[in-house]
Amino acid sequence: MKIAVMPGDGVGKEVIPQGLRVLKAAARKFGFTYDTTDYPFGAEHYLETGITLPDAALKELAAHDAILFGAVGADPRGNARIPQGLIETDILLTMRFELDQYINLRPTRLLPGVPTPLKNVGPDDIDMVIVRENTEGLYCQNGGFLYKNTPHEVANQIEVTTRHGVERAIRFAFEYARIFNRKKVSLVAKTNVLRFAHNLWLRAFEEVKKEYPAIETDYHHVDACTMYMVTKPKIYDVIVTTNMFGDIITDLGAAIQGGMGMAASGNINPTRQTASMFEPVHGSAPDIAGKNFANPIATFFSVAMMLDFLNQGDAAAAINQACKDVVADPKNHTRDLGGTASTTQVGDAVCAKLA
Ligand code: NAD
Ligand code: IPM
Ligand code: MN
């Protein structure tokens, strides 16, 4: 297997090395082999070289079997030397779009022993999979300014919604439910206001669901969904939603599953014609970077998702189980979970469990 590795910035540089240790431990145990290619791209690399993601590198990335990605980006309050959003767009969004990783699969589940900010809620109550459309919507960078820097300035940011793009995301959600025996698929959108784009979503959903009569369906407006994710998360099983809403509700999902350090994701091109990319949901976390504080569990779950995708299901299951066992013991909790364990200590614990 050919795996491209891009740690990126901030805590990405701390959690990815631990992810590679876990990958190595799994390979030793399950007897598979792989090669890695390292890529240096990120905000820091841009500041040194002026380069974000060269076309030649993108071509190389596409030809790998998978990409293991950390996080890119500078401080969210801005960095005067980096145009706003340049790094995220040129690197992360370019990979998602150009490699046609049209599904962003974000499992959201609370594990035993992991603290959640919700009251009276346990692991049985939070177990959902959010299918985020990943190549359309408000993320297309379709827009512009008119009369910039005048009192008449106009800014347009156009939400791109195609029948093809919406239907393949919805169908993926139903197929996922069918294969993994999930009972319900909920569409989350905003049909009451976005009466064109989300009307298309609703019509596509109504049509595709007819092909899956055994699967229950539901619809919520996104504002209500954020409330239900907090007040009754148990109602969600599989959610399918737009790129922007998926971004927002998966950070909320991360919060209720114990924080950003617990949330994994796969940017998947189900056709397998180009590489899929696996990454923790979190960003470069400049507030805690460089301290060996970051929780690497989200990265380990992302490594497991990657191995599942690469037909190494036993290794994936073993990593998932090792992570579950490790987080069940508070002595392995990093600061975000209320503990004092370091990033490397959690890596040690998961590798030891795997061995
Ligand atoms: P963030 O996810 O980096 O951090 C949000 C909060 O979660 C912070 O308090 C941080 O300390 C905490 N956190 C994140 N990861 C953690 C971990 N592994 N363990 C413990 N705590 C963790 O989001 P942000 O601060 O809004 O963004 C920082 C930068 O990262 C920005 O430049 C943003 O654009 C970028 N970003 C990149 C990605 C990505 O590359 N996939 C994702 C999100 C944000
Ligand atoms: C995520 C991130 C990205 C997104 C940013 C960094 C472009 O927040 O992966 O959730 O908005 O998709
Ligand atoms: Mn996000």
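One is the number of the first residue; the rest follow in order along the sequence. Indexing begins at 1, ligand by ligand and atom by atom, following the structure's order.
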Query raised in the report: Is it the side chain (CB and beyond), the backbone, both or neither of D9 that lies under 4.0 Å from ligand 1, heavy atoms counted?
Result: neither
Query raised in the report: Which is it for P286 and ligand 1 at heavy atoms under 4.0 Å: side chain, backbone, both or neither?
Result: side chain
Flag [X] as yes when one of its N or O atoms lies below 3.5 Å from any N or O atom of ligand 1, and as no otherwise.
X	result
V11	no
R96	no
V72	yes

Tell me whether ligand 1 is touched by [X] - counting only heavy atoms on the residue side and a distance under 4.0 Å.
X	value
I288	yes
A74	yes
D251	no

Query raised in the report: Heavy atoms only: which of M260, E279, R132, E88 is nearest to atom 6 (C) of ligand 2?
Result: E88
Query raised in the report: For atom 10 (O) of ligand 2, which candidate among D247, D251, L92 holds the nearest heavy atom?
Result: D247
Query raised in the report: Among the heavy atoms of R106, does any lie under 4.0 Å from an atom of ligand 2?
Result: yes
Query - R96 heavy atom under 4.0 Å from ligand 2 - result: yes
Query - Plane angle bin for H220 and Y228 - parallel if under 30°, tilted between 30 and 60°, otherwise perpendicular - result: tilted
Query raised in the report: Taking just the N, O or S atoms of D247, which one is nearest to the Mn ion (ligand 3)?
Result: OD1
Does a donor on one side chain and an acceptor on the other come within less than 3.5 Å for [X] and [Y]?
X	Y	result
H164	E136	no
T343	Q345	no
D90	T52	yes

Report summary line: The reported gap from CD in Q101 to CG in L93 (rounded to nearest 0.5 angstrom) is 10.5 Å
Report task. Just let me know how M244 lines up against ligand 2, side chain, backbone, both or neither, with a heavy-atom cut-off below 4.0 Å. Result -> neither
Query raised in the report: At a non-hydrogen distance cut-off of under 4.0 Å, which region of H282 contacts ligand 2 (side chain, backbone, both, or neither)?
Result: neither
**Report entry** Donor-acceptor under 3.5 Å (D325 side chain, A322 main chain)
**Finding:** no
Requested in this report: Step through it carefully: locate the ring centre of F301, locate the ring centre of F278, and say whether they are under 6.0 Å apart.
Outcome: no
Query raised in the report: Are F196 and H198 near enough that their ring centres are under 6.0 Å apart?
Result: no
Query raised in the report: With D237, which of R182, K184, R109 fulfils salt bridge (Lys or Arg N to Asp or Glu O under 4.0 Å)?
Result: R182
Query raised in the report: How far is atom 4 (C) of ligand 2 from its nearest protein heavy atom, and which residue and atom name does that atom have?
Result: Y139 OH, 3.5 Å
Report task. Could you check atom 18 (N) of ligand 1 against the protein and tell me its nearest heavy-atom contact, residue, atom and distance included? Result -> N295 O, 3.0 Å
